[in-house]
Every structure is written in C-alpha cells, then in structure tokens.
Amino acid sequence: MPVLSVVIPSHDYGRFSDRLFGSLAAQTAGLDDVEIIFVDDASGDDSVDRAEQWAGRLCCERFVIERLEHVGRPGPVRNHGLALARGRYLFCLDPDDALLPDFMARCITALDANPGIAGVYPDYFECTPEERRETRLPDFNQGLLRMQNILPPPTVYRREVWEAGARYPANTDYEDWDYWVQCVAAGARFLHIPAPLYEYHFHGDNFSYQAREHDGPAKAAIVLNNPGFFHPVVVQWAEDFQRGRIYAQPFTRGHIPSPDDVRELLKTVEDKVLSVSGF
C-alpha cells in the first residue's frame, strides 16, 4: 500500500504538464511511496502523451493513466481516480496547479502526528499572469464551512474518509465544497497548516470561473444535497431559490446565507410588500 495517492483529473490541460509533474518530481519527501493516478477526460490535446512521458521519468510507487469517455465535469473524474487509489492518504491535484517542494512532507507529517484528524490543508499562493499573492485560510470551523468553502482542492485526507461514502456530486459546480460538507457531516475534522504549500493558478479556462456563473444554483444544490448539515431556514431558502421565489436571492458569490441572513432578507421583502399595499 502506498503512503499517498495523488489523483489528477485532466481535460485539455496538457500545456501545464511540465509545471505540474515537475512540482511532483521536486518533492522533498520523494515519490517512492507515492501513487499517481492521472485520469484524462477525453482530452483533445497532448495531455495523455505528456503524462506518459512523465510516467517514464518519475520514480514513484505506481503511475496509472486512465482514459474516460468525455464527462465534462471534474467531480466524476476525481471519483473515478479515487476509486482506484490504494494509498493510506489521498488527495486530488488540479492539473493547472503546482505543489511547493515541502507539500507532501508537511502534510504527511501532520497526519501522522494527529491520528484524530481526518485531513490537513495548507495555505497557498494565488498566481495570475500579473502577480503571485499569498492566501491564508482560516482554521477549520464547521460553522464557517456552512457559509463558505474553507478547504482547498488539494486537502490531504485519510482513505477512511473516502471509504465512509463521500463522493463528488454531479449536480453542483461547487462540487469540492459539497464533498467537504459530506465529509464533515460524517464526522471528519480537519487541521489547518498555516503555511503556503502550493500554487493555485488562475487563467481563462479555470472551471472555477465557470462555476461562478452558476453561483446561486450551485449553492442551493449543496444545501439540498446535505439538508441535515444546514439549518432548516437555510434549507427552505434553497428550496425556494430553486422554485424561483422572489425573496430567495443568491446572496454574495461563494457565500451560503446564514439563518439570520435569510430572515433579514425575508423581513425586508415583507416590509416592502406591506409598504406597497398600504398596510
């Protein structure tokens, strides 16, 4: 059994391969006990060819290349790779991002030292063509996860979390947020590593950019996928949003409303209706 399995979902991201696999090759912990699972979602570029080239260069425990019929969403592609993973610890790495050299060593050490913790997540550098900016994430807080996604995609966790039944859904563009909600609802707790250990690269083809265009429906789907994790008032908001009720607005992008947010908005709408009706 490998210590760590890295699942890489990819579609037409071959141009980032050297940066991605180069960052794996540069890990201070080495790759002897690391399994790499590259899952290609019917790419039309040279993604698979590049992955095959790197498979011959990286001295890892196992390098698997899977080719799928086109899915069009990273979540099911991640699920396919995770179902093949054999590692004690697992994580997904987007093909346009890159790990810093100490990522694996720091994450594995933290998990080994904290047996009661399900997973660990570090800070990161947000990279655009213009700048490289450090982003610090908050410490783990279950209540905060109900309102915003505080866990980044390359959160490293124990395989027991996957075996407990969490899966990336296909009905929300915020599929990673939904996945972490499932994990936490099942009892998982996470530890924040307060150091930037990877680079999150922004560009015009990011799936996250597309997700922002469907912010309201994506958030409502998370709530309705996991109603037991959210307050009944928030569940009602999600149901009413999907029905197109006038009061059920999407709120701030990337923010699921709190019960007080929903009550305040509903009161504002009621006051306007009373004002117009003359009562």
Side-chain angles (χ1 to χ4, degrees), residues 5 7 9 73-83 85 87-94 107 110-111 114-122 137-193 207-208 211 214-243 248 250-263:
S5 293
V7 173
R73 306 180 66 89
V77 180
R78 289 172 179 161
N79 288 338
H80 184 92
L82 288 165
R88 185 164 77 242
Y89 304 137
L90 316 171
F91 79 99
C92 293
L93 177 60
D94 290 339
C107 290
L111 280 166
N114 294 275
I117 294 297
V120 296
Y121 63 99
L137 296 170
D139 289 340
F140 176 74
N141 182 296
Q142 179 172 321
L144 190 56
L145 185 65
R146 290 188 174 94
M147 294 185 290
Q148 65 186 71
N149 187 10
I150 60 174
L151 298 173
T155 294
V156 183
Y157 53 93
R158 303 179 192 279
R159 71 173 300 105
E160 289 82 3
V161 174
W162 167 260
E163 292 174 344
R167 297 295 183 271
Y168 288 94
N171 67 338
T172 173
D173 285 353
Y174 290 145
E175 49 201 1
D176 54 337
W177 190 356
D178 192 298
Y179 186 78
W180 304 130
V181 166
Q182 293 175 55
C183 295
V184 173
R189 297 296 178 266
F190 294 84
L191 177 69
H192 174 219
I193 299 175
F207 185 79
S208 57
H214 308 117
D215 176 76
K219 294 185 299 191
I222 292 174
V223 175
L224 297 179
N225 288 346
N226 307 277
F229 188 71
F230 295 92
H231 192 281
V233 170
V234 179
V235 175
Q236 187 64 56
W237 162 81
E239 292 175 349
D240 289 345
F241 180 88
Q242 288 198 343
R243 295 187 182 115
F251 290 89
T252 305
R253 189 179 68 199
H255 172 80
I256 291 177
S258 69
D260 288 342
D261 291 333
V262 177
R263 294 187 186 105

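For the single chain, residues carry numbers from 1 onward in sequence order.
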| query | Taking R158 for the side chain and L111 for the main chain, is one N or O donor matched with an acceptor at less than 3.5 Å? | reply | yes
| task | Check whether any side-chain N or O of D261 sits under 3.5 Å from a backbone N or O of S258 as a donor-acceptor pair, and report yes or no. | result | yes
| request: Give the C-alpha distance, both sets of side-chain angles, the deciding distance and a yes or no for side-chain contact (heavy atoms from CB on, under 4.5 Å) between Y168 and C92. | output: CA-CA 11 Å; Y168 288 94; C92 293; 4.1 Å; yes
| said: Rounded at 0.5 Å granularity, tell me how far CG in N149 sits from CG in L144. | reply: 9.5 Å
| message | For V161 versus A118, what's the shortest heavy-atom pair and its separation? | response | CG2-CB, 3.8 Å
| Heavy-atom donor-acceptor pair, R73 side chain to N171 backbone, under 3.5 Å | no
| query | Which pairs, with at least one residue in residues 219-230 and sequence neighbours excluded, count as a salt bridge (Lys or Arg N to Asp or Glu O under 4.0 Å)? | reply | D215-K219
| message | Would you say that L90 contacts L82 through its side chain, given a criterion of any heavy-atom pair below 4.5 Å between the two side chains? | response | yes
| Hey, mind stepping through C183 and F190 against side-chain contact (heavy atoms from CB on, under 4.5 Å) and telling me if it holds? | CA-CA 10 Å; C183 295; F190 294 84; 4.2 Å; yes
| query | Between CG of D178 and CG of D173, what distance do you get to the nearest 0.5 Å? | reply | 11.5 Å
| said: Applying the ring-ring contact (aromatic ring centres under 6.0 Å, His included) criterion to W180, which one of F229, Y157, Y121, Y174 satisfies it? | reply: Y157
| Do the ring planes of F251 and W237 sit parallel (below 30°), tilted (30 to 60°) or perpendicular (above 60°)? | perpendicular
| message | Working to the nearest 0.5 angstrom, can you tell me the gap between D260 CG and H231 NE2? | response | 8.5 Å
| task | Decide side-chain contact (heavy atoms from CB on, under 4.5 Å) for V235 and L224; before the verdict, give the C-alpha distance in whole Å, the side-chain angles of both, and the deciding distance to 0.1 Å. | result | CA-CA 6 Å; V235 175; L224 297 179; 4.2 Å; yes
| task | Rounded to the nearest 0.5 Å, what's the gap from CH2 on W177 to OG1 on T172? Could you check? | result | 9.0 Å
| P74 to P9 - nearest heavy-atom pair and separation | O-CB, 4.4 Å
| Can you check whether F230 reaches P259 side chain to side chain, under 4.5 Å on heavy atoms? | no
| message | Between R159 and Y89, does the side-chain contact (heavy atoms from CB on, under 4.5 Å) criterion hold? Intermediate values first, please. | response | CA-CA 5 Å; R159 71 173 300 105; Y89 304 137; over 6 Å; no
| Distance from I256 atom CD1 to L145 atom CG, nearest 0.5 Å? | 8.0 Å
| Which atom names give the shortest non-hydrogen contact between G87 and S5, and what distance separates them? | N-OG, 2.8 Å
| field | Exercise: identify the closest heavy-atom pair between P76 and A170 | value | CG-CB, 4.4 Å
| Which heavy atom in F140 sits nearest to a heavy atom in A188, and how many Å separate them? | CZ-O, 4.2 Å
| said: Within this structure, what is the OG1-OH distance for the pair T155 and Y179, rounded to the nearest 0.5 Å? | reply: 10.0 Å
| task | Report yes if the side chains of V120 and V156 come closer than 4.5 Å at any heavy-atom pair, otherwise no. | result | yes
| Can you check whether R167's main-chain N or O pairs, donor with acceptor, with Q182's side chain at less than 3.5 Å? | yes
| remark: Looking only at heavy atoms, the pair that brings P169 and N225 closest together is CB-ND2, 4.1 Å
